[in-house]
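Quick note: numbers below take in every heavy atom, side chains included, and nothing from hydrogens, waters or symmetry partners. On a predicted model such as this, the values are computed, not experimentally measured, just so you know.
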Amino acid sequence: MIEFAWPFLFLLLPLPLIFLKWFPIKSFNQSAALKVPELNDFMQMHSSLPASLPKLKTLLTSLIWIALVTAAARPQWIGNPIEIPQSGRDLMLAIDLSGSMQIRDFEISGKTIDRLTASKIVAGDFIDRRRGDRIGLILFGSQAYLQAPLTFDTSTVKQLLMETEIGLAGSDTSIGDAIGIAVKQMRNSPQNSRVLILLTDGVSNAGELSPEKAAEIASHEKLKVHTIGIGSKGRVVNTLFGARQTNPSADIDEKALKMVADKTGGKYFRAYNTQELVKIYQEIDQLERIEQAQHFYRPTEEMYFWPLLMALTCIGILMGYEALFLASRWQI
């Protein structure tokens, strides 16, 4: 749809007619000693010039004036309404990349997968649902580091999450350092919107900060931490020496994860399988949702250059005819 930013300028269209009415062009006295030749005189003297030249000149000058006024009124192409992302929560995701995340005790669509793959798929869907939030990504193993700062570009954060590999940050687990990075990254965020979702399957055995100290700092900085322990329950495995009871999740420090969540006002979750992990992220999605009114804007593209181009084209044609007229005059 085309609209005009300054439509009142179209009131200038009749200005040339008003000017000619109040200040008409005076004709020269036929008995004057010096008569200035007019365009019609030359046209009569040189039959090769078209008889419609005065009408064409009037038409071109009229088109030039209309095009210039139209360009000055700023025609704009108004696009379809687009929803503006509204600032909601600032969410940091902290994902464990330690060696134990390669244990294959989760299933999706009947296929056995490792814990990290399940986490990436479920967390990726969670990122897709967080419209209006800024999302950041922290990866931790023996060291913790910031993979993506807080951003509205959730598609990039999801892509970076999907590209993670087990052992990328080392084989150990530094839960405290991951929380410390989140605190540092969210210090400038509004206090009521600072949220960290930390997923791990082990015990903190690396890094400079202990989970207890990190939780104390996070609580002081008003950072809410939701913790997720991931790993299947104990099961019986048949071996050459008979049935043996195994517990793939024996290393999860649930006590520390509960302590971090309780101290920071968050919640501790335990995911034994993919379905429970999906439900956990859905629950967090509801816990950290802010209802907001929708805001829209309509993209605008300036179109003034089209009537301006038309005016310049008409000026070029008019100058061409004037040049033709002068050339024919000299031939006479």
Side-chain angles (χ1 to χ4, degrees), residues 82-98 101-104 106-109 111-141 143-170 173 175 177-179 181-186 188-189 193-201 223-231 266-267 269 271 273-292 294:
I82 298 177
E83 185 178 356
I84 302 175
Q86 299 298 305
S87 178
R89 297 288 191 190
D90 281 349
L91 293 170
M92 294 293 299
L93 302 180
I95 305 296
D96 187 353
L97 298 184
S98 61
M101 290 291 286
Q102 65 185 339
I103 297 176
R104 303 172 65 86
F106 276 64
E107 290 186 1
I108 290 183
S109 302
K111 182 180 179 181
T112 302
I113 58 175
D114 59 71
R115 296 171 179 177
L116 179 59
T117 300
S119 301
K120 291 194 292 186
I121 294 173
V122 177
D125 292 338
F126 173 80
I127 292 173
D128 288 337
R129 294 194 301 269
R130 300 304 300 190
R131 301 189 62 186
D133 292 334
R134 291 198 303 167
I135 307 290
L137 178 63
I138 296 171
L139 304 177
F140 65 95
Q143 299 86 29
Y145 63 93
L146 180 69
Q147 180 73 348
L150 290 168
T151 177
F152 285 114
D153 187 3
T154 55
S155 60
T156 298
V157 177
K158 181 179 178 180
Q159 180 180 349
L160 292 173
L161 172 63
M162 294 302 175
E163 292 174 353
T164 57
E165 297 291 341
I166 294 172
L168 190 63
T173 307
I175 295 176
D177 286 3
I179 297 174
I181 291 177
V183 170
K184 183 178 180 180
Q185 289 295 312
M186 306 182 81
N188 295 325
S189 301
S193 70
R194 304 173 186 176
V195 180
L196 169 65
I197 303 172
L198 186 143
L199 181 145
T200 183
D201 68 343
L223 172 63
K224 184 190 298 184
V225 182
H226 296 299
T227 55
I228 303 174
I230 183 174
K267 190 173 181 179
F269 301 91
N273 52 53
T274 307
Q275 292 73 25
E276 290 183 351
L277 186 60
V278 171
K279 291 179 181 179
I280 288 169
Y281 273 103
Q282 289 175 344
E283 183 174 347
I284 295 175
D285 197 20
Q286 295 301 318
L287 288 173
E288 302 303 336
R289 183 170 296 279
I290 297 179
E291 296 297 332
Q292 299 174 342
Q294 291 181 316

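Annotation: side chain of Asp90 is not in contact with side chain of Gln185 (no heavy-atom distance under 4.5 Å). Counting heavy atoms from C-beta on, the side chains of Thr156 and Thr151 never come closer than 4.5 Å. Residues Ile181 and Phe140 fail the side-chain proximity criterion, which asks for heavy atoms closer than 4.5 Å. Looking at Ser193 and Asp133, their side chains never come closer than 4.5 Å, going by heavy atoms from C-beta outward. Counting heavy atoms from C-beta outward, Tyr281 and Asp125 have side chains that stay 4.5 Å or more apart. Between Arg130 and Thr154, the closest side-chain pair of non-hydrogen atoms is not below 4.5 Å. You'll find the side chain of Ile121 stays beyond 4.5 Å of the side chain of Phe106, heavy atoms only. Residues Val195 and His226 form a side-chain contact, since some pair of their non-hydrogen atoms from C-beta on lies under 4.5 Å apart.
A distance of 12.0 Å separates NZ in Lys279 from OG1 in Thr274, rounded to the nearest 0.5 Å. Put simply, CD1 on Ile228 and NZ on Lys267 are 11.5 Å apart, with the number rounded to the nearest 0.5 Å. To the nearest 0.5 Å, atoms CG (Leu150) and CG (Leu91) are separated by 8.5 Å. Taking CG of Asp285 as the start and CD1 of Ile127 as the end, the distance is 11.5 Å to the nearest 0.5 Å. To the nearest 0.5 Å, the span separating CG on Leu161 from CD on Gln147 amounts to 9.0 Å. Atom CZ of Arg115 and atom CD1 of Ile95 lie 14.0 Å apart (nearest 0.5 Å).
With sequence neighbours excluded, no residue forms a salt bridge (charged side-chain N to carboxylate O under 4.0 Å, His left out) with Asp114. Listed by chain and number, the residues in a salt bridge (charged side-chain N to carboxylate O under 4.0 Å, His left out) with Lys120 amount to none (sequence neighbours excluded). In terms of the ring-ring contact (aromatic ring centres under 6.0 Å, His included) criterion, Phe269 has no residue partners (sequence neighbours excluded).
The nearest pair of heavy atoms linking Met101 to Leu199 is CE-CD2, 3.8 Å. Ile179 approaches Leu198 most closely through the heavy-atom pair CG1-CD1, 3.8 Å. Of all non-hydrogen atoms in Ile138 and Met92, the two that sit nearest each other are CG1-CE, 3.4 Å. Here the shortest heavy-atom pairing between Leu168 and Leu139 reads CD2-CD1, 4.5 Å. In plain terms, the two heavy atoms of Ala118 and Ile108 that are nearest each other are CA-CD1, 4.5 Å. In this structure, Ala148 and Leu160 approach most closely via the heavy-atom pair CB-CD1, 3.7 Å.
Shown here is Glu165, whose CD atom has no more than 12 heavy atoms of other residues, nucleotides or ligands within 6.0 Å.
Side-chain contact of Gln159 with Glu163: a donor-acceptor pair under 3.5 Å is present, judged by distance alone.
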